[in-house]
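Below: the structure, in structure tokens.
Proteins come first, then strands; the chains are lettered A, B, ... in the order of their sequence lines, and each starts at number 1.
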Number of protein chains: 2
Amino acid sequence: MREVDLRYPTCPIRNVLARISDKWSLIVLWNLGLNEKMRYKELMLSIPDISHKMLTNTLKHLEEDHLVKREAYAEIPPRVEYSLTKTGKSLIPTIEQMIDWAQTNFEEVVK
Amino acid sequence: MREVDLRYPTCPIRNVLARISDKWSLIVLWNLGLNEKMRYKELMLSIPDISHKMLTNTLKHLEEDHLVKREAYAEIPPRVEYSLTKTGKSLIPTIEQMIDWAQTNFEEVVK
DNA sequence: CGGGATCCCTACAGATACTG
DNA sequence: CAGTATCTGTAGGGATCCCG
């Protein structure tokens, strides 16, 4: 869901959280939170089970949502660096809290 | 993704957060956090754009994940009440923090 | 009232091949 | 190196009908 919810255009869950509630966004954001700047290939290596296509899609969406900054350098071979925007960085403490909760309640939820 | 991730069986994002990263779980949890106990129909009315099937599915999954408790009474007509488990309640502050973040950064993310 | 079962369509996601 | 483009299978999700 990339469009604004027609029925609840100001609902934060539907319009903001829905955008990072997919399979890979939190994982990518989390990695970028740990590493300041990362190249495309570094992200691929950090997340071995993500496919080429999904990493590209996820990064594109996160960039559209102004959570990730993309800097491309006109070199040969090309170099592209990804980093969190200020908004993206401001989400990291909340992600950390969610991960803490997930870790604490892992057994209870998954069993 | 209801199964344990074979590659990262202990990753909290993949195995716990993935379960509530769908279209409706956070909204249902949020409503149950506000109301203590809710009947099926109350939830339907609180979330007018959820379909019958998805509310049923979402509640079933949340119950399997021990986040929601389901109490059915053998009356006619039947009465079923849903509430948060202790684990479910412990997630509410984190959801609140995420919603606060989403509200604060709404313009930046959605624009 | 609170579901379950079914049909059906679309978006997501993997695999593969190609390009500046 | 860091992407696009295409094909294809699968799962998510809506609409409808049925049931204890």
Whole-Å distance separating the CZ atom of Arg14(B) from the P atom of dA13(C): 14 Å
Side chain of Trp24(B) (C-beta onward), nearest among dG20(D), dG14(D), dA15(C): dG14(D)
Cluster link Ile92(A) to Trp101(B), ILVMFWY, side chain under 4.5 Å: yes
Arg39(A) side chain, from C-beta outward: closest of dA2(D), dG4(C), dG2(C): dA2(D)
Atom pair distance, as rounded to whole Å: CD in Glu75(A) and P in dG3(D): 13 Å
Verdict with reasoning, Ile20(A) to Leu67(A), per side-chain contact (heavy atoms from CB on, under 4.5 Å): CA-CA 10 Å; Ile20(A) 53 173; Leu67(A) 298 175; 3.9 Å; yes
Euclidean distance, atom CG of residue Asp22(A) to atom P of dG12(D) [Å, nearest integer]: 14 Å
Among dG13(D), dG14(C), dT4(D), the nucleotide that comes nearest once only the side chain of Met54(A) is considered: dG14(C)
Closest to the Thr56(B) side chain, choosing from dG3(C), dG14(D), dG20(C): dG3(C)
Nearest-angstrom distance from the residue atom CD1 of Ile50(A) to P of dG3(D): 13 Å
Touch class at under 4.0 angstrom, heavy-atom based, for Lys53(B) against every strand present: base
Working for side-chain contact (heavy atoms from CB on, under 4.5 Å), residues Met54(A) and Lys23(A): CA-CA 9 Å; Met54(A) 290 317 296; Lys23(A) 193 172 177 183; over 6 Å; no
Sugar-phosphate, base or nothing in reach of Tyr82(A), heavy atoms under 4.0 Å: sugar-phosphate
Nearest-angstrom distance from the residue atom CG of Asn57(A) to P of dG14(C): 10 Å
Atom pair distance, as rounded to whole Å: OH in Tyr40(A) and P in dG3(D): 6 Å
Nucleotide dG13(D), atom P - distance to CG of Leu55(B) in whole Å: 13 Å
Lys37(B) atom NZ, over 12 foreign heavy atoms within 6.0 Å: yes
Lys23(B) side-chain proximity, nearest of dG3(D), dG13(D), dG3(C): dG13(D)
N or O in side chain of Arg70(B) less than 4.0 angstrom from dG2(C) OP1/OP2: no
Spacing between Met44(B) atom CE and dG2(C) atom C1', to the nearest angstrom: 10 Å
Geometric class of the Tyr40(A)/Tyr82(A) ring pair [parallel <30°, tilted 30-60°, perpendicular >60°]: tilted
Check: dG14(C) base within 3.5 Å donor-acceptor of His52(A) side chain: no
